[in-house]
Amino acid sequence: MDKARLASALGAPSAFGQSQFALTRGNAFEAKVKADGGAELLRLAHARLDPGAAPPEGAAVPDLSAHGPEGRAARTALALREAARAGGWTLLDHPMLALDVAGSLAFLEPDAVVVHPDGSWSVVEIKSFPMLDGSADPSKVGAAARQAAVYVLALEEVAARLDAVPVVRHRILLVCPKDFSNLPAASAVDIRKQRAVTARQLTRLTRIEEIARTLPEGTCFAPDRGAEELTEAVAAVPATYAPECLSACELAFHCRERSREEGAVTRLGRPLRAELGGLTTVEDVLAAAHGEQGDPDDPAVAALRRAAALRAEALASAEPPARAEALTDAAHREVAPCP
């Protein structure tokens, strides 16, 4: 489904994403990196990933255009096979990869894939955040590594379908602007940990056909349906909202509103939800804290009651702020009018 259009039809459009300025700046930097047949990009790949190989002079840049994502994915697989057999350096600009996600094909488009002279493949991620003194923001590098791990898994699926299975490298090339300039700098990032985590998560996902079997007959998520019908359709699919959803899912605002209506504690964060044990709603948490329900031997209930007692004690013993006292005194004093 088109989740962005669905969210708009539900009256809770998604508002996350890069600004137009950031997109323009990122596109301009990527074009600079890939200029002249990707000469600078291949030079960085040679220096950071494969310095022992021959210099990337006269590298091939195959045409990957085709009709539709399926056609582009097939054309990419063919180009990868031909490049692995030919030897030498090859740059695939915006290839199309397909990855099975819970029984449905997801089409992915990495910034680039480099084929080394030994036939191995490396993913290239081009980002617009700066690399200051040779290092970048760890959180942004981590996000790029997780994104590249998905591309690596998709490449491994392509490699498994070929006759001679090439090696998909687990060190990706991260290209960023150097310091505060527009000059490219690169670093090799090991994404084996992110790849293992992503692969494990993909195997644990509930299959789409299993979810579909639990839905009522006739459930439809087409954005042109009425808001009431779409709300019922979305509510039929179990979802657990958390603040992290705001940066990853177009339906996050809709789910957040529904979570508020239900009083779910997950909207306050998964760590807090884990600490509260069997208390799943804010109403249950408050009732447990006030001693109205809950097992006193439950560590979560005991901690809540202790916190409530400390809060009540602190409020009872707190003195009014000095400013509040001054305002109260002024209100009771008679002030002579100004001459």
Side-chain angles (χ1 to χ4, degrees), residues 1-3 38 41-42 45 49-50 59-127 141-175 188-212 248-249:
M1 70 178 75
D2 188 334
K3 292 170 68 177
L41 177 57
L42 289 167
L49 298 178
D50 203 354
V61 184
D63 181 14
L64 303 178
S65 59
H67 179 68
E70 295 87 353
R72 290 183 58 197
R75 181 69 188 89
T76 297
L78 179 61
L80 286 167
R81 182 174 61 182
E82 292 174 349
R85 291 177 176 177
W89 291 89
T90 301
L91 174 64
L92 276 65
D93 185 8
H94 283 287
M96 182 66 72
L97 306 173
L99 179 66
D100 182 277
V101 179
S104 177
L105 278 182
F107 292 98
L108 314 169
E109 188 175 357
D111 293 327
V113 171
V114 170
V115 181
H116 298 255
D118 61 1
S120 58
W121 306 341
S122 293
V123 171
V124 178
E125 271 296 291
I126 303 175
K127 298 298 184 183
V141 173
R146 290 190 294 272
Q147 181 179 353
V150 182
Y151 299 148
V152 167
L153 289 172
L155 276 175
E156 289 177 351
E157 289 194 2
V158 176
R161 295 194 296 267
L162 300 182
D163 299 334
V165 180
V167 175
V168 181
R169 299 194 178 202
H170 292 161
R171 292 174 75 233
I172 65 115
L173 184 71
L174 176 63
V175 183
V189 180
D190 192 324
I191 53 96
R192 284 178 293 181
K193 178 180 178 181
Q194 290 83 357
R195 181 212 165 275
V197 171
T198 304
R200 183 168 62 251
Q201 290 174 337
L202 288 174
T203 59
R204 296 173 61 186
L205 288 176
T206 306
R207 304 285 294 183
I208 289 179
E209 56 267 23
E210 296 178 15
I211 298 175
C249 180

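Separating the CG atom in Leu155 from the OG atom in Ser120 is a distance of 11.0 Å, to the nearest 0.5 Å. Annotation: the span from Ile172 atom CD1 to Gln147 atom CD amounts to 9.0 Å, rounded to 0.5 Å. Atoms NZ and NE2, from Lys193 and His170 in turn, are 16.0 Å apart once rounded to the nearest 0.5 Å.
Counting only distance, with no hydrogens or angles, the side chain of Arg75 and the backbone of Asp63 share a donor-acceptor pair below 3.5 Å. With hydrogens and angles disregarded, no donor-acceptor distance shorter than 3.5 Å links the side chain of Thr76 to the backbone of Leu97.
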Q: Could you walk me through whether Asp118 and Val167 pass the side chain to side chain contact (heavy atoms under 4.5 Å, CB included) test, one step at a time?
A: CA-CA 9 Å; Asp118 61 1; Val167 175; over 6 Å; no

(Q) Walk me through whether Val114 and Leu42 qualify under side chain to side chain contact (heavy atoms under 4.5 Å, CB included). (A) CA-CA 8 Å; Val114 170; Leu42 289 167; 4.2 Å; yes

**Q.** Audit row: Asp111, His94, side chain to side chain contact (heavy atoms under 4.5 Å, CB included) steps and yes/no
**A.** CA-CA 5 Å; Asp111 293 327; His94 283 287; 4.0 Å; yes

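Under the side chain to side chain contact (heavy atoms under 4.5 Å, CB included) rule, Pro62 has a single partner from Thr90, Leu80, Leu78, which is Thr90. Each of Val158, Val152, Leu92 was checked for a side chain to side chain contact (heavy atoms under 4.5 Å, CB included) with Trp121, and the lone residue meeting it is Val158.
Across Pro95 and Pro110, no two heavy atoms sit closer than the pair O-CD, 3.4 Å. Residues Lys127 and Leu174 share a closest heavy-atom pair of CG-CD1, 3.8 Å. Nearest heavy atom pair, residue Glu125 against residue Ala148, reads CG-CB, 4.1 Å. Pairing each heavy atom of Ala84 with each of Val115, the nearest pair is N-CG1, 4.1 Å. Here the closest heavy-atom approach between residue Ala199 and residue Leu153 is recorded as N-CD1, 3.8 Å. Residues Ala102 and Glu209 share a closest heavy-atom pair of O-OE1, 4.3 Å.
For the pair Asp100 and Arg207, the salt-bridge criterion is met [side-chain N within less than 4.0 Å of a carboxylate O].
When the salt bridge (Lys or Arg N to Asp or Glu O under 4.0 Å) test is applied to Glu109, the partners found at least two apart in sequence or on another chain are Arg72. Considering only residues two or more places apart in sequence or on other chains, Arg195 meets the salt bridge (Lys or Arg N to Asp or Glu O under 4.0 Å) condition with Glu156. Residues forming a side-chain contact (heavy atoms from CB on, under 4.5 Å) with Val101 (at least two apart in sequence, or on another chain): Leu99, Ala106, Leu202, Leu205.
Remark: aromatic rings of His116 and Trp89 are close, center separation under 6.0 Å.
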